[in-house]
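Comments concern the structure below.
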Amino acid sequence: MMHRPIQATILTQNLRDNLRLAKNICRQSSSWAVVKANAYGHTIEAALQGFSESEGLALLELESAGLARKLRWQKKILLLEGIFSIADLDEVLRLHCDHVIHHEEQITHLLSWFKKQSADRQAEFLEHCSIWLKLNSGMNRLGFKSAAYGVAFEVLKNMGCTVHHLTHFANADDETKFPSVQSQWDVFTKATQFFAGLRSAANSAAILHHPQTHADFIRPGIMLYGASPSGIYQDIASVGLKAGMTLRSKIIAIQDLQVGEQVGYGSQFTATKNTKIAVIACGYADGYPRHAPNGTPVWIGSRSHLTDGGLAFTAGRVSMDMMTVDVSHLPFAELGSPVELWGELLPIDKVAYSAGTVGYELMCAVAPRVHVSIV
Ligand SMILES: *Cc1c(COP(=O)(O)O)cnc(C)c1O
């Protein structure tokens, strides 16, 4: 059986190289490789292979933590949003997870759960489940404000917990915005200055642009997958990151348009010259952005070699299962030619930028119907 030609390939060696690159920038720091959202669409399985040199994995769902343990990840796991209910603590203990505490209610849950546990389970929890107390240093999403932080810290310490310190930056990719990284970093250092424990603050953008924030544990996400934290390819062009994923498919039809003819739903493209249109097996039900306007880049290969090809641009609205590309200038584009929607030949950031979004959203949105192969 020949399946539909669209396929995502996860390049674990590139994931590995990107992690090394992040670690080389921050030689004093350990790392939480951020693998939330199914490793930004790259799968937990691939992430475990690619990030085996990381000291820990950071994610959101206990199910993902369970999968990582099942696949024999024995190092640290951090739950970035911590527990959502008391019952989660049984799983936190079973899976030996570190967990963020960002809210009073999580402390209340922890206290009432803890006192119901046997002495053995209490000891196991205290030994294997460190807490990362989250400071709201200005992003105003999760975390304790400075005034409440010290009290929370003391309560957890009095329970016997190991408590570390964590915050998150709102604008590490944009120097012009407030709160600035430096202002948030100052709030974080001040609020935590008298407390023991490790510190973690830097996401990808801070790893690349703000060395003063690297601290004990970096938290790289998007850079590990080869895309730009700002969404602009130029910002990482010289860094040496490699694509974590390629999304590839094939041309399944060619249409020759006369001047004045249209293509696709809503007739969003009209030929102003005789135009050769390639129909590609990839649509919004595969995760390609429907709002990508005419002119979004697509790499078209020649029939036998993807790499010797050229760029072409979308013409007409992206539909559920297909998209259309003007290949008038590419004589080698024909039925069966391989194409790359994004990946090693066409950076995901360039496609995202054209579609008015960021690489993060595109990689997370690759649909379940797309076959994924891990190499
Ligand atoms: C997602 C996330 C990260 C990683 O951010 P990137 O911009 O992808 O590097 C780091 N820390 C926290 C708390 C996150 O939620």
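All ligand and atom numbering here is 1-based and tracks the order in the structure. The model shown is predicted, which means the values in this text are computed figures rather than measured ones.
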Any chance the side chains of R219 and S31 put a donor and an acceptor closer than 3.5 Å?
no
If you scan protein heavy atoms around atom 11 (N) of ligand 1, the nearest is R219 NE, 2.8 Å
Please say whether G221 places an N or O atom under 3.5 Å from an N or O atom belonging to ligand 1.
yes
Aromatic ring proximity, centroids under 6.0 angstrom, H165 and F153:
yes
Does a side chain donor of either S118 or D120 reach within less than 3.5 Å of an acceptor in the other side chain?
no
E91 side chain reached by I83 side chain, heavy atoms, under 4.5 Å
no
Mind checking whether Y360 has a heavy atom under 4.0 Å from ligand 1?
yes
Part of H168 within contact of ligand 1 (heavy atoms, under 4.0 Å):
side chain
Region of P229 engaging ligand 1 - heavy atom pairs below 4.0 Å
neither
Please list, in number order, the atoms of ligand 1 under 4.0 Å from a heavy atom of I222.
6 (P), 8 (O), 9 (O)
Do the side chains of M223 and L208 get nearer than 4.5 Å, heavy atoms only?
yes
Is there a path of hydrophobic side-chain contacts, each under 4.5 Å between heavy atoms, that joins V155 and V100?
yes
Protein contact to atom 14 (C) of ligand 1 [nearest heavy atom, distance to 0.1 Å]:
K36 NZ, 2.9 Å
Regarding ligand 1, does V34 bring an N or O atom to under 3.5 Å of one of the ligand's N or O atoms?
no
Indicate, with yes or no, if the rings of Y225 and H42 have centres closer together than 6.0 Å.
yes
When you measure from atom 4 (C) of ligand 1 to each heavy atom in Y40, F169, W32, which option holds the nearest one?
Y40
Does any N/O atom on S204 come nearer than 3.5 Å to any N/O atom on ligand 1?
yes
So for M223 against ligand 1, with non-hydrogen atoms under 4.0 Å, the contacting part is neither
For residues N140 and N136, is any side-chain donor paired with an opposing acceptor at under 3.5 Å?
yes
